[in-house]
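Here's the structure we're looking at; comments come further down.
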Amino acid sequence: RVVERPKIVRHPEGPTNNMLDGDNWTFSVRALGEQPLSYSWQFKLTGTETYVDLPGKTLTELPLENLSLDEIGFYRVLVTNAFGQATSDAARLVVTANRPRIIKNLTNLTVVEVTNVLLSANVGGHRPLQFRWYRDDAQIPNETKADFLINPARTNSSGVYHFDVRNRYGTNDSQHAEITVEPRPP
């Protein structure tokens, strides 16, 4: 019987282009060797010498969601079994700050009076993000969060709603959505 220490046959690769903050990226590795194989992902900030373990990141894939500038650096994985260890090549991740972008726009909606209506800004972009909500092109005072709740909706709540979102790199406006509130049936 041949005993095999881990051998990495596909090293993690970084994206070919810079990622924008708010994007997603997944590193992956493929290794062979005597089972079971264990995985331990590590991260090193650009300009530093030491890799640190990423707690709980022990699978063949390392998904990174809603990237931020804090995740710029190098990623590698240690693969171990009872007979040894292999260290992958480092993969570089570069994240670039960007102005806000709308991921999912608002949609028209018709509801019955006294229903609660929740409008949500599904956006990406460099944090912090600031929001302003509008009804019929007039800014709604004190509505500065990603979610806007009409509670309860009345017939006079009907209108065309939208939001803008901004950060230090720019501003983006959502599509307008018509919210129609119909009277409750008798």
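Positions are given from 1 along the sequence.
- For the salt bridge (charged side-chain N to carboxylate O under 4.0 Å, His left out) test, residues two or more places apart in sequence or in another chain that qualify with Arg101 are Asp23.
- Sorted by first and then second residue, the side chain to side chain donor-acceptor pair (under 3.5 Å) pairs involving residues 66-78 (not counting sequence neighbours) are Gln42-Arg76.
- The stretch residues 3-19 participates, sequence neighbours left out, in no salt bridge (Lys or Arg N to Asp or Glu O under 4.0 Å) pair at all.
- With sequence neighbours excluded, the residues that form a side-chain contact (heavy atoms from CB on, under 4.5 Å) with Leu69 are Ile72, Val95, Ala97, His126.
- Val9 shares a hydrophobic cluster with Leu32; the chain of contacts runs through ILVMFWY side chains whose heavy atoms sit under 4.5 Å apart.
- Just one of Val29, Leu59, Thr58 meets the side-chain contact (heavy atoms from CB on, under 4.5 Å) condition when paired with Trp41; it is Val29.
- When the shell of 6.0 Å around CG of Asn142 is examined, it contains 12 or fewer heavy atoms from other residues, nucleotides or ligands.
- Pairs of residues two or more places apart, or lying in two chains, that qualify as salt bridge (Lys or Arg N to Asp or Glu O under 4.0 Å) and include a residue from residues 132-154 are Arg132-Asp164.
- Here CG of Leu109 is found 7.5 Å from CG of Leu119. Values are rounded to the nearest 0.5 Å.
- In this structure, Leu64 CG and Thr26 OG1 are separated by 7.0 Å, a value rounded to the nearest 0.5 Å.
- Heavy-atom contacts from other residues, nucleotides or ligands closer than 6.0 Å to NZ of Lys57 number 12 or fewer.
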| task | Take Thr87 and Val79 through the side chain to side chain contact (heavy atoms under 4.5 Å, CB included) test and state the conclusion after the steps. | result | CA-CA 6 Å; Thr87 302; Val79 183; over 6 Å; no
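- Between Ala91 and Gly14, the shortest heavy-atom contact is CB-N, 3.6 Å.
- Thr110 is linked by a side-chain hydrogen bond (donor to acceptor under 3.5 Å, both in side chains) to nothing, counting only residues two or more places apart in sequence or in another chain.
- To the nearest 0.5 Å, the span separating CD1 on Ile102 from CD on Gln175 amounts to 9.0 Å.
- Looking at residues two or more places apart in sequence or on another chain, you find a side-chain contact (heavy atoms from CB on, under 4.5 Å) between Ala177 and Leu106, Asn108.
- Applying the side-chain hydrogen bond (donor to acceptor under 3.5 Å, both in side chains) rule to Thr96 yields the partners Asn18; only residues at least two apart in sequence or on another chain are considered.
- Every residue two or more places apart in sequence or in another chain was checked for a side-chain hydrogen bond (donor to acceptor under 3.5 Å, both in side chains) with Arg99, and none qualifies.
- Among residues two or more places apart in sequence or in another chain, the side-chain hydrogen bond (donor to acceptor under 3.5 Å, both in side chains) test is passed with His11 by none.
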Yes or no on side chain to side chain contact (heavy atoms under 4.5 Å, CB included) for Thr80 and Ser40, after CA distance, side-chain angles and deciding distance? CA-CA 8 Å; Thr80 58; Ser40 177; over 6 Å; no
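- Going from atom CG of Leu118 over to atom CG of Asn151 covers 10.0 Å, rounded to the nearest 0.5 Å.
- Here salt bridge (Lys or Arg N to Asp or Glu O under 4.0 Å) pairs that include residues 166-182, with residues two or more places apart or in two chains, number zero.
- A distance-only check finds a donor-acceptor pair linking the side chain of Ser174 to the backbone of Phe163 [under 3.5 Å].
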